[in-house]
Amino acid sequence: MITLVLDIITTAAILFIVSAGLLIVFGVMKIINFAHAAFITIGAYAGLGASRLGLSPVLAPALAFLAGGLIGVAAERVVVRRLYGRPLDAILATWGLSIVIGQLVTLAFGREVQFVPAPVSGTVMILGEDYSSYRLLMVLAAIVIAALFTGLLNGTRLGLSTRAVIMNETLAQGLGIDSTRVRLITFGIGCGLAATAGALITPLASVDPNMGLSWLIGAFMLVMISGGSLLTLGLSCIVLGGLQVLASTFISPILGGLTIAVLAAVALRLRPEGFARA
Amino acid sequence: MTLTRSLSTLLAAAACAAILAAPALAADPIKIGVPVGLSGANSVVAPSVVQSAQLAVDEINAKGGVLGRQLALEVADDASGAAGAQKAFDSLIFQKKVDVLISMETSAARNAGLPIVARGKVPYIYTSFYEGKSCSPFMYVNAWVPEQQVPPIVDYFAKEKGSKKFFLIGSDYAFGRGMLAFTRAYIEKTGGKVVGEEYLPMDGSDWTPIISKLKSAAPDALITSTAGGAPNVTLTKQLRAAGVALPYGNLAVDEGTAKSMGTDAEGIYLSASYVTGIDSAANKTFLAAMQKKFGAELKTPNDLSVPEYEAVYAYKAAAEKAGSTEQAKILKALGEVSVDGPRGKIEMSKQHHAPLTMYLGQVQADGSVKVIKSFPNVDPGAQCPNLKS
Amino acid sequence: MRDRGSALRSMASVPQPGMPNWLIRAGLPALVGAALVVAGPWILDTYMLNILVRALFVAIAALTVDVLWGFSGTLTFGQSAFFGIGAYALAIGFTQFGFGPWQALLSLAAAVGMAAAVAGFVGWLSFYPGSTPLYASVISLVLPIILVQILYSGGSFTGSSSGLVGFESFDLSLEGWFRLAGATVIGALVVASVALSSDAGRVLSAMRDNDERCTYLGIDTSLVRIGLTVITGVVAALAGFGYVGFSGVAAPENAGFVFGTQLVVMVALGGRGSLIGAVVGAVVIEVASAYLSSSLPFVWELIVGVAFVVVIVVLPGGLFGSLRDAATALRGRIGAAPVLALSPVTLATLERAAVAPDRNDVVVEADGVSKHFGSLSVLSGVSFTARQGELVSIVGPNGAGKTTLIRCLADGRERSEGTVRIAGHAIARLAPDRIVGLGLGRKFQAASVFETLSVADCLRIARVKSDPPSFVGASPLLALPAAARAVVESSGLAERLGEQARFLSHGLKQALELAMVLALEPRVLLLDEPTAGLTRTERQVFAGVLTELVARERLCVLIIEHDLDFVRQISSRIILLHRGRVALDGPVADVVDDPLIREIYTGNNRPQRGEVMS
């Protein structure tokens, strides 16, 4: 029972970490970044690089954020910027971008599965149960990401401009906010967060050129259903992640793998705008 | 880098073939088709398979070839899947017009290729271990099937570790399910009990609920059969992170993967027909020759690449026995000849499959595999009762 | 019912072309294609033929993606799933029951039946009034993922990851397969191009351009899209059926998400919205990948990825779209007008069916209509009636709820409370297309037409509900009700029937939309600021048109208008909305001179007798 609860909480935390970057891009730009998976992969390889260089594991997510952010900014300037009026084309172009990034990663690092040693290993006793310490650490990471992001949005000038663009872009432009710049920075932050997620999950996952892909559909569905709000994203992760764990535990992990996609699709049919204002 | 490597090896192979073919201009070379997963899931192991084939071809050509003709390799990418395999087999059989196909492939790719092989009536030696019971009059298999791989691990756990309750974890695909179905039957036949059997989709990466079930089922031993590469790695890492310290038999891990997994792989048991540590003259000669030919570019030989090397020799033996490269004659002879290779003496004489010596190994702290026990001449069982010989 | 023949007045000038134009358009390429299909086996080697047979079946699947995405605007990643259903129907059928004519027919029936059932369900899930294109894409993404999971878990029944192989299949030679696949592709191309360029097929482009306008022309776009999903699903399943019949193996990747995206890549590169483009894109990519991927496995995918991004960003029309644009530009340079239709369209007048005089001529009844968003109340308790032959102006300051009221009358799902009856029927929670069927026509504030359609086609779409369009041809005759025709002729649209709507001026677009709405022969006409942006002359012409409609056609017109002089000139009655309530309702003179109206506007610091009160 305690294990089950911990499974649900940690699963939700990991889902949150993995989808936060996608949410930010969708929330501000109303664009689905299908290259999200590729940026998760970039982050994992950045983490690999950090560990090869012998840097402290704490620096890995930061390095990943930098790598993902920079590549994201470049991608925004070259590709995404031209597609703001064409959301479906933006999905396709970012999907193409992910093919390109995936192949470049393959050419540079090879197809092999690479290994990053976990900074924290083993288990801790929690309420009488042995539990993986790194998974518990993910809960902390999710909270830190949520707090940093909320702080950024509510406590800075950039956050103010961003919220203005989210609410009414035309009006924001009228007030002298450079929405092009806001979008550029947002896309960079979104991609940076995806890469950070990649670096964070590597101790639990393998590092290979396609590693991000298995997270994409889940993250995408969670973001759609959250309707672009960080709070509802957290709730969606707990509810759907929880149902996924329950389905996996009590029915079958195969069904569990489909839980998020199917339930989110049905929920969206009932509430097309997501649950942001529920 | 992989690209340049595979390109350069391809070019090198072509160049070798060209130079060596010069004295034997009298006859065209015998073409060996190698459809293999240069991209996709098998792309990690594919280069080692191609290297093995190259060494065999070079060695044979240096000694005068087969029936006075040189051998030439034609490598094609099957993208590790059905669609790619159809293109690769088409190209090798109908465009390059190869005399024989020798390859390590995924089951999906092999299945996709079989109808094309049947149409082209080309002999096909399949050199990958697999879940068994794939039958075609045109295909011979010189690698292991569940009947050969599973018993050493289960028997060892039951006898030496006193394990009675087993937990099985696999990836949801043909190999994973096929291996564990056999494992379950074997455990139950030999008096053990299976307390859980769980599968995760191939692209799944979070094994947490399964690991929680494993812990609450409290088994004596764990046997896994995941897809190679990522799923195997994520499962092992997550098992270690969750503090699982049971006897752990992994049906899908190879020496190379174990080595690069570092400390997480330590203690894992594996069962294979080839490990680099086989203490035989043939194996040492083979390893030395590989080292000499490829140097720094060498991909560690393994249970998938060594059968490829031996299969080239099996073709040579069959052609010499038949006295011709005529396909029907080769197909008959393949079941009758034997090859002495790094894995010992191999005959594909049991319903197109081969009895093999199996090795039970355990991964050591430094990543090397220590052979604990060997099981000579393990029979593949009745794989294809409908095929003669 | 009215007799079509006698209802048409100006029959005299109808051109009688020797051959239907669809035959000319589809015939020549089809002949060239047929020649290639017949000659292919003599020219090409076995290897090439093998690749081409598979490529041609894939091309049919790509064609369905193009129809859905390029023509109707639904981006789908899920056609691979239908392809897979067809593939596995054959593989499972032949594996379980052996090969034979009955088994073949049964498997074919299973392929069609399963595909239709799944497509119907997916369509129902994806398309409903108010659904977004993104949602449909989401569903199309989930579908192949679920299907592949089912195939993986199916054990020996589906062959799991290894797929099904080793079943006996059709005993056809390679040449036979090539000709069969080629003929199927040509057949699919001809049928698709004839159907899509027919009057009925134009509805798809109209939905892609402007789904809302279609709905407000009485077309149930959800139903059309569901139907299209079923048809394309079945066709893709047939392609999968043929593919596996030929190759003898069904694998999960034939049904997977990756294959689904590859189909989209093929269509994008070949040219969305171009049928030939989709086929060429599929064949070229399949053949090139067979030749190149072996030697350059990673670089090949990189090249495709880069090409895909470049095409999406820079050349959304793909290869054939760009060729078409270039051709249009060239024609433009040599002086030809950018005319879409190949044969000229002739106008005709449709006589209005005699409407029995209705004793109760109240056609709009609103009773206690309210609308709130959360705690914010936009309309509260609005009640009024309007009769035939009445022109009611709805005035009030910004935020008074005028446009919201129009919406509540035209769309049953908009209002929070209250009842609305149109022509005596309660609209309940009906979608707009059903309310249009009750006799309501709505013209939007910003001109809402079908940008890429010709003027004639825009008008034809408006007649789709009452004159079921042909599925094989484009009629050279455009029969419109007298009122609509009058607008077309007086505005000068009659001379520009073949032009694309996007090239029209603002005023002409407004006129076109009005004509489209009048072509519905509505009894109630809703107009939202129709004179905004019009010149004074245009405005006078428009006033004339309106008064004429009301007087002669006995239309009931509700109009939102700011120009009080204009209102005074045309209205028979005025309703003043203020803060979501009816503040005044009465004859023109009473309302305009009421002190309340002055108070409301001066309270807003607006000019007392302003020409523009907004």
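In this text the structure is predicted, and so the values were computed from the model without any measurement. Letters go in sequence order (proteins before strands), and every chain restarts at 1.
Residues forming a salt bridge (Lys or Arg N to Asp or Glu O under 4.0 Å) with B:D206 (at least two apart in sequence, or on another chain): A:R135. For the salt bridge (Lys or Arg N to Asp or Glu O under 4.0 Å) test, residues two or more places apart in sequence or in another chain that qualify with B:K133 are B:E147.
Annotation for B:D172 and C:S153: closest pair OD2-OG, 3.2 Å, computed over non-hydrogen atoms. Closest heavy-atom contact between B:R119 and C:S247: NH2-O, 4.4 Å. The heavy-atom pair separating B:K87 from C:S289 by the smallest distance is NZ-OG, 2.9 Å. Closest of all the heavy-atom pairs between C:G163 and B:N111 is O-ND2, 3.9 Å. The shortest heavy-atom contact between B:A174 and C:S160 is N-OG, 3.3 Å.
Side-chain contact between B:F94 and C:N50: present, with at least one pair of heavy atoms (C-beta onward) separated by less than 4.5 Å. At a threshold of 4.5 Å between non-hydrogen side-chain atoms, the residues C:S161 and B:R177 do not count as touching. Inter-residue side-chain proximity for C:Y47 and B:S91 is flagged as met; some heavy-atom pair is nearer than 4.5 Å. Between B:Q86 and C:Y243, the closest side-chain pair of non-hydrogen atoms falls below 4.5 Å. Taking the side chain as every heavy atom from C-beta outward, B:Q95 and C:M48 never approach each other to under 4.5 Å.
The main-chain N or O of B:A82 is found under 3.5 Å from a side-chain atom of C:E253 such that the two form a donor-acceptor pair.
In C:F99, the CZ atom is crowded: over 12 heavy atoms of neighbouring residues, nucleotides or ligands sit closer than 6.0 Å.
The structure places NZ of B:K97 at 6.5 Å from CG of C:D45, a figure rounded to the nearest 0.5 Å.
Contact of C:V165 with chain B is made through the side chain alone, with heavy-atom distances under 4.5 Å.
Stacking of C:R54 on the aromatic ring of B:F89 is not recorded, the 6.0 Å distance cut-off and the 45° axial limit not both being met.
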